[in-house]
Amino acid sequence: MTETETMPVGVDTRSGFVALIGPTNAGKSTLVNRLVGAKVTIVSHKVQTTRATLRGIAIHDNAQIVFMDTPGIFKPRRRLDRAMVMAAWSGARDADVIMLLVDSERGLKGDAEAILEGLKEVRHPKILVLNKIDRVRPEDLLKLASAANEAIDFEETFMISATNGSGCDDLMDYLAKRLPEGPWYYPEDQISDLPMRQLAAEITREKLFLRLHQELPYSSHVETEKWEERKDGSVRIEQVIYVERDSQKKIALGKNGEAIKAISMSARKELSEILGQPVHLFLFVKVRENWGDDPARYREIGLDYSD
């Protein structure tokens with residue numbers, strides 16, 4: 001793309017990367033979707049839904065803001081956990097601005113406190129964003145903001161609700177002015193750097209989480225294996241849900257195949273809306289033992305495979 005194709009002509013533009021970091025389930029993915037104005041990353045009430053750094057791209061005034069939705073930071077126990085936490089910190093170090101998102105209800109307990117300690121070693125500009133403010137008393141919000149700013153020298157503090165959008169306009173105004181001057185990195189109409197095949201797999205994984213809740217462990221992974229544009233304007237998509245044991249395969253399929261049918265129907269509906277064309281989605285469940293120790297799966301997800 002040439003510069004004139006990716007930025008307004010004759011306008012002083014700004015652009016840069018904003019890394020969202022925070023504990024699991026703080027609302028990072030919900031906020032990215034809100035600020036971008038479209039669904040670019042999956043959301044569920046399960047913790048650790050986001051596995052790799054995803055980029056959502058927003059235009060505000062004359063600025064192109066590239067939000068980096070990183071995995072939630074938590075105490076890792078498995079190889080996959082460690083890779084996710086490494087991806088989050090790597091995203092923070094690659095950004096122009098770091099945005100720490102804190103769940104106002106949970107406050108600075110546990111993982112949030114550990115993240116504050118880790119941020120002390122990162123020299124990048126940092127802002128604090130307190131989310132879910134509609135669930136907390138104003139006086140408690142002020143105490144939380146004060147405690148966080150005592151630990152870290154944040155440039156600014158914002159209080160928002162990613163769900164209803166409260167405070168998000170002020171946040172966008174600030175970021176648009178805070179990013180460095182320069183041409184835009186992406187075409188104006190691009191909202192994500194995620195290939196459509198991978199986004200389709202992520203959407204199916206989201207529906208898998210929402211349908212099965214606590215029944216299926218985190219040892220599941222979705223890959224888009226075939227993508228065929230058909231002459232009638234529809235698209236045929238074949239995906240494989242990988243699990244680690246036969247018992248998990250039975251859970252994913254459900255009694256008489258009810259679970260997999262519901263997951264497929266929900267994912268197909270959303271994919272049709274996103275693509276603007278009919279979708280024929282075919283899901284298969286396969287057992288791949290110890291896929292969490294397979295370097296190829298990490299590459300597929302977008303994570304580094306390391307000990």
Side-chain angles (χ1 to χ4, degrees), residues 24-25 27 29-30 33 38-52 54 71-72 77-81 84 163 194-294 296-303:
T24 57
N25 247 358
S29 296
T30 300
N33 290 337
K39 185 167 184 175
V40 293
T41 181
I42 66 172
V43 178
S44 89
H45 294 298
K46 273 192 148 184
V47 298
Q48 302 157 28
T49 302
T50 301
R51 285 179 172 167
L54 308 174
R77 294 181 176 86
R78 305 169 298 166
R79 184 194 299 271
L80 179 60
D81 297 343
M84 289 162 59
T163 302
L194 196 65
M196 187 52 66
R197 290 171 66 105
Q198 193 172 341
L199 178 59
E202 285 289 281
I203 286 172
T204 298
R205 188 164 67 89
E206 175 189 66
K207 306 311 177 191
L208 188 72
F209 276 12
L210 293 175
R211 170 74 186 187
L212 298 177
H213 303 291
Q214 301 300 323
E215 296 177 65
L216 190 67
Y218 286 95
S219 50
S220 60
H221 171 59
V222 181
E223 291 184 15
T224 300
E225 294 208 333
K226 291 185 179 179
W227 186 292
E228 178 189 355
E229 298 285 345
R230 306 180 70 173
K231 293 180 179 179
D232 61 2
S234 66
V235 58
R236 176 189 172 96
I237 303 172
E238 294 184 11
Q239 296 178 331
V240 177
I241 299 170
Y242 288 105
V243 295
E244 290 189 323
R245 295 188 294 275
D246 284 324
S247 59
Q248 296 169 358
K249 180 177 181 179
K250 292 177 181 177
I251 293 172
L253 291 172
K255 186 177 181 181
N256 298 321
E258 291 177 359
I260 199 69
K261 289 177 184 175
I263 293 165
S264 178
M265 185 180 302
S266 181
R268 182 172 64 246
K269 181 176 182 294
E270 184 160 334
L271 284 170
S272 295
E273 293 172 354
I274 291 174
L275 295 171
Q277 63 188 122
V279 170
H280 307 283
L281 178 62
F282 298 87
L283 299 182
F284 306 91
V285 183
K286 296 182 180 180
V287 176
R288 178 178 277 162
E289 294 184 4
N290 300 319
W291 74 260
D293 292 320
D294 182 355
R297 305 284 72 76
Y298 283 70
R299 288 194 296 271
E300 179 72 22
I301 296 171
L303 293 173

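Every value quoted in this text rests on a predicted model; they were computed, and no experiment measured them. In this chain, numbering begins with 1 at the start of the sequence shown.
Shown here for Arg197 and Lys226, the closest heavy-atom pair between the two residues is NH2-N, 4.0 Å. Nearest heavy atoms, Ala262 versus Arg211: CB-NH1, 3.6 Å. Listed here is the closest heavy atom pair of Ala259 and Ala252: CB-O, 3.4 Å.
For Ala201, the side chain to side chain contact (heavy atoms under 4.5 Å, CB included) criterion is met by Val222, Thr224, Gln239, not counting sequence neighbours. A search for salt bridge (charged side-chain N to carboxylate O under 4.0 Å, His left out) contacts involving Arg236 returns Glu238, not counting sequence neighbours. Among residues two or more places apart in sequence or in another chain, the salt bridge (charged side-chain N to carboxylate O under 4.0 Å, His left out) test is passed with Lys269 by Glu273.
Atom CD of Glu270 and atom OG1 of Thr204 lie 9.5 Å apart (nearest 0.5 Å).
Under the 4.5 Å side-chain criterion, counting only non-hydrogen atoms from C-beta, Val235 is not in contact with Leu271. At a threshold of 4.5 Å between non-hydrogen side-chain atoms, the residues His221 and Arg288 do not count as touching.
Residue pairs satisfying the salt bridge (charged side-chain N to carboxylate O under 4.0 Å, His left out) criterion with at least one member in residues 251-266, sequence neighbours excluded, are absent.
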Using the side chain to side chain contact (heavy atoms under 4.5 Å, CB included) rule, take Ile260 and Ile241 through it: C-alpha gap first, then chi angles, then the decisive distance, then the call. CA-CA 10 Å; Ile260 199 69; Ile241 299 170; 3.6 Å; yes
Residues 274-287, side-chain donor-acceptor partners within the protein, below 3.5 Å, at least two apart:
from	atom 1	to	atom 2	distance (Å)
Gln277	NE2	Glu229	OE1	3.2
Gln277	NE2	Gly233	O	2.9
His280	NE2	Ser234	OG	3.2

